[in-house]
**Student:** 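A single structure is presented below for examination.
Worth knowing before you read on, the calculation uses all heavy atoms, side chains too, and leaves out hydrogens, waters and symmetry mates.
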Amino acid sequence: MTATETTPRTIPGMRVDRPWSGLLRVCIALGLLAFWAAYYAWCLFPGLGGVMNAGDTAKFQTLGHTQILVHGPGYPLILFLGAVLRALDLPVEPWRAMTFAIAALPGAVANTMAFLIVARVTRSLLFGIAGSLLLGSAGLMAVQSTEAEVYPLALAFVLSTTFLLVLFLETKREGYFLAACGVYALSFGNHLMMIMLAPLGLVVIALHWRRLLRLRIVASILVLLALGASQYLYLAYITHHPETAYSEYLPLPPTLKEFFQYITGSYFSSLYGSGLQSTYSSETLLVTLRSAHPWISAPLIVAGVVLFAMGWRRSDAGWIGVATVFGVALSFVPFVIWYGAYDIQAFHLPVLGPLLVGAVAAIGWWAGRWRGLQRGTALLLIALGIWRVAVMAEGLTARQPIFTDLPETLGPLVAQAPIEDPLVSMPYGLRMATLYHEFLGETPQARYRVPWRAEEAAVEREEVGGIVVPTDGEQLLRWIEHRHPDLACRSWALDQPEGTPWPAYGFLCAPDTATDAEPGPEGGR
């Protein structure tokens, strides 16, 4: 056997790992996965809802015990995870199980991927640990991984795809690229914002077309993408299933056109491009990056970008890996600036995560020429990460539940309604929390609606009456009178248990109520 046959294959600029380092890397990765899963489970938001978007999180938590449809694009993978939890019938509260499954566990996976990416690029396990700690303890990451939202799962897919792309670009093994395509295709079932990664994938294909533009590879990619898209067949099945108990936007069962509009989010079309009409979206993104680690994350990201730019002449395997991670982060920037949702900060995780990971990797790669400097810098970042983990744990565990004793609060409220089966108009967050209890049979009989659905339900019957938990209560009464000029509405304050955080008043609209209006919280009608 020749000498070249016994020498491990290396890539210029890459150190050869020690024989035991691979096993040690796996052990550390599993340890970090277990640590972050336990950490986020301990710090879960203590109940329904959350601080980012209480309505959406409570709605996702309802999937822990009842099959419903959520807002578009439908999230078939989330619905499937809900079905798995319902089948397991775990001895924990459904809201807790659902939050752990779609947020805490994916957040732990994302942090583990951060370790693998940074450790691979820098050839430093210490820097890999630093990358995991700094991502996992970042403000937005820690909050979203402890509330029932879809973006920790999106980030887990983003960083898993990134790691596999880094491996492919380093080793040129087509299997890694196909694995990246498989993970990417699976991510379609979580959030369609993943389409923003497609241009980066095409760039990789263009740069390695001799390896990747072969019939077997192309056919495999197309099959994987088709399998990923097929998750929406499961969503179509759910829309026709008799046990689907609720649909917020989509008629059940839908027509093909209605279903297509639902998965494309056409009812959010007014938000498409609205973020470009001002600098609000970009300014909010900068706030997210600065506040991830106050006084630390912004200088860290800037330093990583500068060192990456300074090292472009080396263009070794590590530099290419850092370029890939930064490219992933930049892929999502146009989306978060273009889409002008009011809760735009919730969409920032796929930008923040790769930027933090890329910055730590860039610093570790640049310092790798001086082992002492690399080790010292890694230990400093680890210390900062541990400190931030402790600070975030204190803040996360201090959060208080929003919707406490909700069934007990609604009981005496509905009992004061002027008619049986009253219409109850309430804010979105409160409505979704009520939905959770409603399907458990814990709420009194009423037609609970968000304000924009209450208007439709108000005129379904001849007798119009109910309860308004004020958001646009006065507007609702005026709308009823506009639709029915023969009716006049009166309203009055309702008695509620002490400590109830939201006021409420009853209303009744009838032909003979115009002259005996009682004073209401807004001066009566």
**Student:** Does any N or O in the side chain of Asn190 come within less than 3.5 Å of the main-chain N or O of Val150, such that one atom is a donor and the other an acceptor?
**Tutor:**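 Yes, the answer is positive, given that a donor and an acceptor are paired below the 3.5 Å cut-off.
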**Student:** Between atom OG of Ser331 and atom CG of Leu200, what is the distance when rounded to the nearest 0.5 Å?
**Tutor:**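 Rounded to the nearest 0.5 Å, the OG-CG separation comes out at 4.5 Å.
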**Student:** So which atom in Ala97 and which in Leu85 form the shortest heavy-atom distance, rounded to 0.1 Å?
**Tutor:**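 Residues Ala97 and Leu85, closest heavy atoms: O-CD1, 3.5 Å.
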**Student:** Testing the basics here: between Pro350 and Val158, what is the closest heavy-atom pair and its distance to 0.1 Å?
**Tutor:**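 Smallest interatomic distance, heavy atoms only, reads CB-CG2, 4.4 Å.
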**Student:** Could you tell me whether the side chain of Met141 reaches within less than 4.5 Å of the side chain of Leu155, counting heavy atoms only?
**Tutor:**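 They are in side-chain contact.
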**Student:** Look up atom CG in Leu90 and atom CE in Met98, then write down how far apart they are to the nearest 0.5 Å.
**Tutor:**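 Leu90 atom CG to Met98 atom CE measures 12.0 Å (nearest 0.5 Å).
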**Student:** Do Phe168 and His208 have ring centroids that are under 6.0 Å from one another?
**Tutor:**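 Aromatic pair counts; centres sit under 6.0 Å.
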**Student:** Please check this pair: side chain of Gln144 against backbone of Ala346, looking for a donor-acceptor N/O pair closer than 3.5 Å.
**Tutor:**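 Side chain of Gln144 to backbone of Ala346: a pair is present.
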**Student:** Relative to the ring of Tyr184, is the ring of Phe188 parallel (under 30°), tilted (30 to 60°) or perpendicular (over 60°)?
**Tutor:**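 If you compare the ring of Phe188 with that of Tyr184, the planes turn out perpendicular.
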**Student:** Quick one: pull up CE in Met194 and CZ in Phe332 and give me the separation to the nearest 0.5 Å.
**Tutor:**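 These two atoms lie 5.0 Å from each other.
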**Student:** Can you give me the closest heavy-atom contact between His293 and Ser137, atom names plus distance?
**Tutor:**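 Heavy atoms only, the tightest pair is CE1-OG, 3.1 Å.
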**Student:** Is a salt bridge present between Arg214 and Glu174, judged by a nitrogen-to-oxygen distance below 4.0 Å?
**Tutor:**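 A salt bridge links Arg214 with Glu174.
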**Student:** Would you check if Phe60 and His71 make a side-chain contact, meaning some heavy-atom pair closer than 4.5 Å?
**Tutor:**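 The answer is yes; the side chains approach within 4.5 Å.
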**Student:** For Arg388 and Ala292, indicate whether the former's side chain and the latter's backbone hold a donor-acceptor pair under 3.5 Å.
**Tutor:**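 At least one qualifying donor-acceptor pair exists.
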**Student:** Decide if the gap between the ring center of His65 and the ring center of Tyr436 is smaller than 6.0 angstrom.
**Tutor:**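 For His65 and Tyr436, the ring centres are under 6.0 Å apart.
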**Student:** Using atom types as modelled and distance alone, determine if a side-chain donor or acceptor of Glu394 lies under 3.5 Å from a backbone N or O of Val391.
**Tutor:**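 Checked: no pair found.
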**Student:** Could you grab the distance from atom OG1 of Thr377 to atom CD1 of Ile382, nearest 0.5 Å is fine?
**Tutor:**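 That separation rounds to 11.0 Å.
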**Student:** Taking the side chain as everything from C-beta on, heavy atoms only, tell me whether Tyr262 gets closer than 4.5 Å to Leu69.
**Tutor:**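 Touching, per the 4.5 Å side-chain cut-off.
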**Student:** Would a distance-only check, ignoring hydrogens and angles, find a side-chain to backbone donor-acceptor pair under 3.5 Å from Glu147 to Met52?
**Tutor:**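 Such a contact is found between Glu147 side chain and Met52 backbone.
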**Student:** As an exercise, state the distance from CG of Leu355 to NE2 of His348, rounded to the nearest 0.5 Å.
**Tutor:**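 Those atoms lie 11.5 Å apart.
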**Student:** Got a sec: does the CH2 of Trp370 have more than 12 other heavy atoms crowding it under 6.0 Å?
**Tutor:**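 Enclosed: over 12 neighbouring heavy atoms sit under 6.0 Å from CH2 of Trp370.
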**Student:** What verdict does the side chain to side chain contact (heavy atoms under 4.5 Å, CB included) test give for Val204 and Leu169, after you've listed the backbone C-alpha separation in whole Å, the side-chain angles of each residue and the deciding distance to 0.1 Å?
**Tutor:** CA-CA 8 Å; Val204 173; Leu169 293 172; 4.2 Å; yes
**Student:** If we count only N and O atoms by modelled type, under 3.5 Å, do the side chains of Trp36 and Ser132 hold a donor and an acceptor together?
**Tutor:**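 Side chains of Trp36 and Ser132: pair found under 3.5 Å.
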**Student:** Would you check if Lys59 and Ile68 make a side-chain contact, meaning some heavy-atom pair closer than 4.5 Å?
**Tutor:**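 A side-chain contact exists here, since the closest heavy-atom pair is under 4.5 Å.
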**Student:** Would you mind reporting whether Leu381 and Leu300 have side-chain heavy atoms less than 4.5 Å apart?
**Tutor:**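 Of all side-chain heavy-atom pairs linking Leu381 with Leu300, at least one is under 4.5 Å.
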**Student:** Which label fits Tyr237 and His241: parallel for a plane angle under 30°, tilted from 30 to 60°, or perpendicular past 60°?
**Tutor:**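 The arrangement is perpendicular - the two ring planes meet at more than 60°.
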**Student:** For Ala142, is there any backbone N or O sitting under 3.5 Å from a side-chain donor or acceptor partner on Ser145?
**Tutor:**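 Not confirmed, Ser145 side chain does not pair with Ala142 backbone.
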**Student:** Once you round to the nearest 0.5 Å, how far does CG of Leu285 lie from CZ of Arg290?
**Tutor:**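 These two atoms lie 10.0 Å from each other.
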**Student:** Do the side chains of Thr62 and Met432 get nearer than 4.5 Å, heavy atoms only?
**Tutor:**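 The answer is no; the side chains never approach within 4.5 Å.
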**Student:** Can a donor-acceptor pair be found, under 3.5 Å and without considering hydrogens, that links the side chain of His191 to the backbone of Tyr151?
**Tutor:**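 Absent.
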**Student:** Would you name the heavy atoms of Pro199 and Met196 that are closest together and state the gap between them?
**Tutor:**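 Looks like CD-O, 3.3 Å.
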**Student:** Answer yes if the side chains of Thr244 and Gln67 hold a donor-acceptor pair under 3.5 Å, and no otherwise.
**Tutor:**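 There is such a pair (donor and acceptor under 3.5 Å, judged by atom type) between the side chains of Thr244 and Gln67.
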**Student:** Keeping the roles fixed (side chain from Arg211, backbone from Lys172), state whether a donor-acceptor pair exists under 3.5 Å.
**Tutor:**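 Answer holds: yes.
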**Student:** Do any N or O atoms from the side chain of Tyr39 and from the backbone of Val389 form a donor-acceptor pair under 3.5 angstrom?
**Tutor:**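 It does hold such a pair.
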**Student:** What's the verdict on side chain to side chain contact (heavy atoms under 4.5 Å, CB included) for Trp95 and Thr57, showing C-alpha distance, side-chain angles and the deciding distance?
**Tutor:** CA-CA 9 Å; Trp95 65 263; Thr57 50; over 6 Å; no
**Student:** What are the two closest heavy atoms between Gly107 and Pro152, and how far apart are they?
**Tutor:**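 Closest heavy-atom pair between Gly107 and Pro152: N-CB, 4.0 Å.
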**Student:** Between Phe163 and Val183, does a side chain to side chain contact (heavy atoms under 4.5 Å, CB included) hold up when you go through it step by step?
**Tutor:** CA-CA 11 Å; Phe163 177 58; Val183 173; over 6 Å; no
**Student:** Taking atom types as modelled and ignoring hydrogens, do the side chains of Tyr40 and Asn111 form a donor-acceptor contact shorter than 3.5 angstrom?
**Tutor:**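 Short answer, yes.
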**Student:** Does the side chain to side chain contact (heavy atoms under 4.5 Å, CB included) test come out yes or no for Arg399 and Thr146, once each step is laid out?
**Tutor:** CA-CA 11 Å; Arg399 291 175 298 179; Thr146 55; 3.0 Å; yes
**Student:** With a 4.5 Å heavy-atom cut-off, do Pro354 and Leu159 have their side chains touching?
**Tutor:**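 Counting from C-beta outward, Pro354 and Leu159 do come under 4.5 Å.
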**Student:** Does Trp319 use its side chain to pair, donor to acceptor, with the backbone of Phe308 at less than 3.5 Å?
**Tutor:**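 Yes.
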**Student:** Testing the basics here: between Leu192 and Pro73, what is the closest heavy-atom pair and its distance to 0.1 Å?
**Tutor:**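 Closest heavy-atom pair between Leu192 and Pro73: CD1-CB, 3.8 Å.
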**Student:** Check whether more than 12 heavy atoms from other residues, nucleotides or ligands sit under 6.0 Å from atom CG of Leu215, and answer yes or no.
**Tutor:**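 No, because the 6.0 Å sphere around CG of Leu215 holds 12 heavy atoms or fewer from other groups.
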**Student:** Any chance CZ of Phe35 has more than 12 other-residue heavy atoms, nucleotides or ligands included, within less than 6.0 Å?
**Tutor:**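 Counting other residues, nucleotides and ligands, CZ of Phe35 exceeds 12 neighbours.
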**Student:** Is there side-chain contact between Ile102 and Tyr75, with at least one heavy-atom pair below 4.5 Å?
**Tutor:**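 The answer is no, as the side chains (C-beta and beyond) never meet within the 4.5 Å cut-off.
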